[in-house]
Amino acid sequence: MKIYIGCDHAAFEEKEILKKHLTELGHNIEDIGTHENTRCDYPDYASALTKGVVKDGVKGVLLCGSGIGVSMVANRYKGSRAALCRSELDARLSVEHNNANILCVGARINTMDEIVKITEAWLAAEFQEGRHSDRVAMFNEIGEDV
């Protein structure tokens, strides 16, 4: 599966570890940056990742210190369903009920082991459709065009 991945400086090391792990699982990773551990602005990377995810119809993982900033940026775009997840349950439900296409995690909030488990739970989950489909359709039309 193709997965976009991106981060700011606060989560650079975690992104690199997660990227390696996902590649080893057989995923095709598109790293939109940052590509070095120096101060940068997360809105640049969150916007680029979100545009790629929506345009290509794939999934994406965004990391920053808390996960909050990148999730706020990603959800400004039409077709983005970014979910800030702190647990495996959050991750699973974000897909099952909301068909999340972008996972947001905080490198200063969760351990690396937790980030891996959250990401794996998110990727394994499947949208349950049914009563959730109408709600997802409603918020798919909210936001700025990509």
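The first residue of the sequence shown is numbered 1, and numbering continues consecutively from there. The structure presented is a predicted model; accordingly, all values stated were derived computationally and were not measured.
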statement: One should read off an interatomic distance between Glu14 CD and Leu18 CG, to the nearest 0.5 angstrom, of 9.5 Å
field: Within 6.0 angstrom of Arg76 CZ, more than 12 heavy atoms from elsewhere
entry: no
- prompt: Does the side chain of Val136 reach to within under 4.5 Å of the side chain of Arg81, using non-hydrogen atoms?
  reply: yes
Cluster link Ile17 to Val105, ILVMFWY, side chain under 4.5 Å: yes
- prompt: Sequence neighbours excluded, which residues qualify as salt bridge (charged side-chain N to carboxylate O under 4.0 Å, His left out) partners of Glu96?
  reply: Arg92
- line: Contacts of Asn28 meeting side chain to side chain donor-acceptor pair (under 3.5 Å) (sequence neighbours excluded), chain-then-number -> none
query: Residues in salt bridge (charged side-chain N to carboxylate O under 4.0 Å, His left out) with Asp41, at least two apart?
result: Arg39
query: Given the rule in the side chain to side chain contact (heavy atoms under 4.5 Å, CB included) test, do His9 and Thr38 qualify, once you have shown the distances and angles that lead to the verdict?
result: CA-CA 6 Å; His9 57 281; Thr38 58; 5.9 Å; no
query: Is Leu49 close to Ile102 at the side-chain level, that is, under 4.5 Å between some pair of heavy atoms?
result: yes
- prompt: Got a second to check how far Ile109's CD1 is from Ile115's CD1, nearest 0.5 Å?
  reply: 10.0 Å
task: Name all residues meeting the side chain to side chain contact (heavy atoms under 4.5 Å, CB included) criterion together with Glu16; count only those two or more places apart in sequence or in a different chain, and write none if there are none.
output: Phe12, Lys19, Asp31
field: From SG (Cys85) to CD1 (Ile118), nearest 0.5 Å
entry: 7.0 Å
field: Gap between atom SG of Cys64 and atom CG of Leu84 - 0.5 Å precision
entry: 8.5 Å
task: Consider only side-chain heavy atoms of I, L, V, M, F, W and Y, link residues closer than 4.5 Å, and tell whether Met72 and Ile142 are in one cluster.
output: no
task: Name all pairs fulfilling the side chain to side chain donor-acceptor pair (under 3.5 Å) condition that reach into residues 99-110, sequence neighbours left out, sorted by first residue then second.
output: Asn110-Glu114
- prompt: Is there a chain of hydrophobic side chains (I, L, V, M, F, W, Y, each step under 4.5 Å between heavy atoms) that links Phe127 to Trp122?
  reply: no
- prompt: Would a hydrophobic clustering, with Ile, Leu, Val, Met, Phe, Trp and Tyr connected at side-chain separations under 4.5 Å, put Leu25 with Val58?
  reply: no
- prompt: Do other residues, nucleotides or ligands put more than 12 heavy atoms under 6.0 Å from the CD atom of Gln128?
  reply: yes
task: Sequence neighbours left out, what pairs pass side chain to side chain donor-acceptor pair (under 3.5 Å) with at least one residue falling in residues 56-65?
output: Lys2-Asp56, Tyr4-Asp56
query: Does a side-chain heavy-atom distance below 4.5 Å link Val73 with Thr50?
result: no
task: Could you pull out the closest heavy-atom pair between Ala91 and Ser94, with the gap in Å?
output: O-OG, 2.8 Å
Heavy-atom check, side chain of Ile5 versus side chain of Ile32, under 4.5 Å: no
- prompt: Is there a side-chain contact between Lys78 and Asp145 (heavy atoms, below 4.5 Å)?
  reply: yes
- request: Output every pair passing ring pair (Phe, Tyr, Trp, His ring centres under 6.0 Å) with a member in residues 57-101, not counting sequence neighbours, ordered by first then second residue.
  value: His97-His132
task: Please round to the nearest 0.5 Å and tell me the distance separating atom CD1 of Ile68 and atom OH of Tyr42.
output: 9.0 Å
message: For Asp134, give me all partners under salt bridge (charged side-chain N to carboxylate O under 4.0 Å, His left out), at least two apart in sequence or on another chain.
response: none
query: Going by heavy atoms in the side chains, are Leu22 and Lys20 under 4.5 Å from each other?
result: no
- request: Side-chain contact test, heavy atoms from C-beta onward, threshold under 4.5 Å: evaluate it for Leu123 versus Ile3 and give yes or no.
  value: yes
Backbone N/O of Thr34 and side chain of Lys15: donor-acceptor pair under 3.5 Å: yes
- prompt: Would you say the side chain of His27 lies within less than 4.5 Å of the side chain of Thr23, judging by non-hydrogen atoms?
  reply: no
task: For Glu126, look at atom CD and say whether over 12 heavy atoms of other residues, nucleotides or ligands are found less than 6.0 Å away.
output: no
message: Using the rule that Ile, Leu, Val, Met, Phe, Trp and Tyr join whenever any side-chain heavy atoms are under 4.5 Å apart, tell me whether Ile29 and Leu63 fall into a single cluster.
response: yes
query: What heavy-atom pair brings Tyr45 and Gly33 nearest, and what distance separates the two atoms?
result: CD2-C, 3.5 Å
- prompt: Using links of under 4.5 Å between side-chain heavy atoms of ILVMFWY residues, direct or through other members, which residues join Leu93 in one cluster?
  reply: Leu89
statement: Taken in chain and number order and not counting sequence neighbours, the residues that satisfy side chain to side chain donor-acceptor pair (under 3.5 Å) with Glu129 are none
- request: Please confirm whether the backbone N or O of Asp44 pairs with a side-chain atom of Ser47, one donor and one acceptor, at under 3.5 Å?
  value: no
From SG (Cys40) to CG (Asp8), nearest 0.5 Å: 5.0 Å
- prompt: Side chain of Ser71, backbone of Cys104: donor and acceptor closer than 3.5 Å?
  reply: no
statement: Applying salt bridge (charged side-chain N to carboxylate O under 4.0 Å, His left out) to Glu120 and not counting sequence neighbours gives none
message: Taking side chain to side chain donor-acceptor pair (under 3.5 Å) as the definition, give me every residue that meets it alongside Asn98, ordered by chain and number, with sequence neighbours left out.
response: none
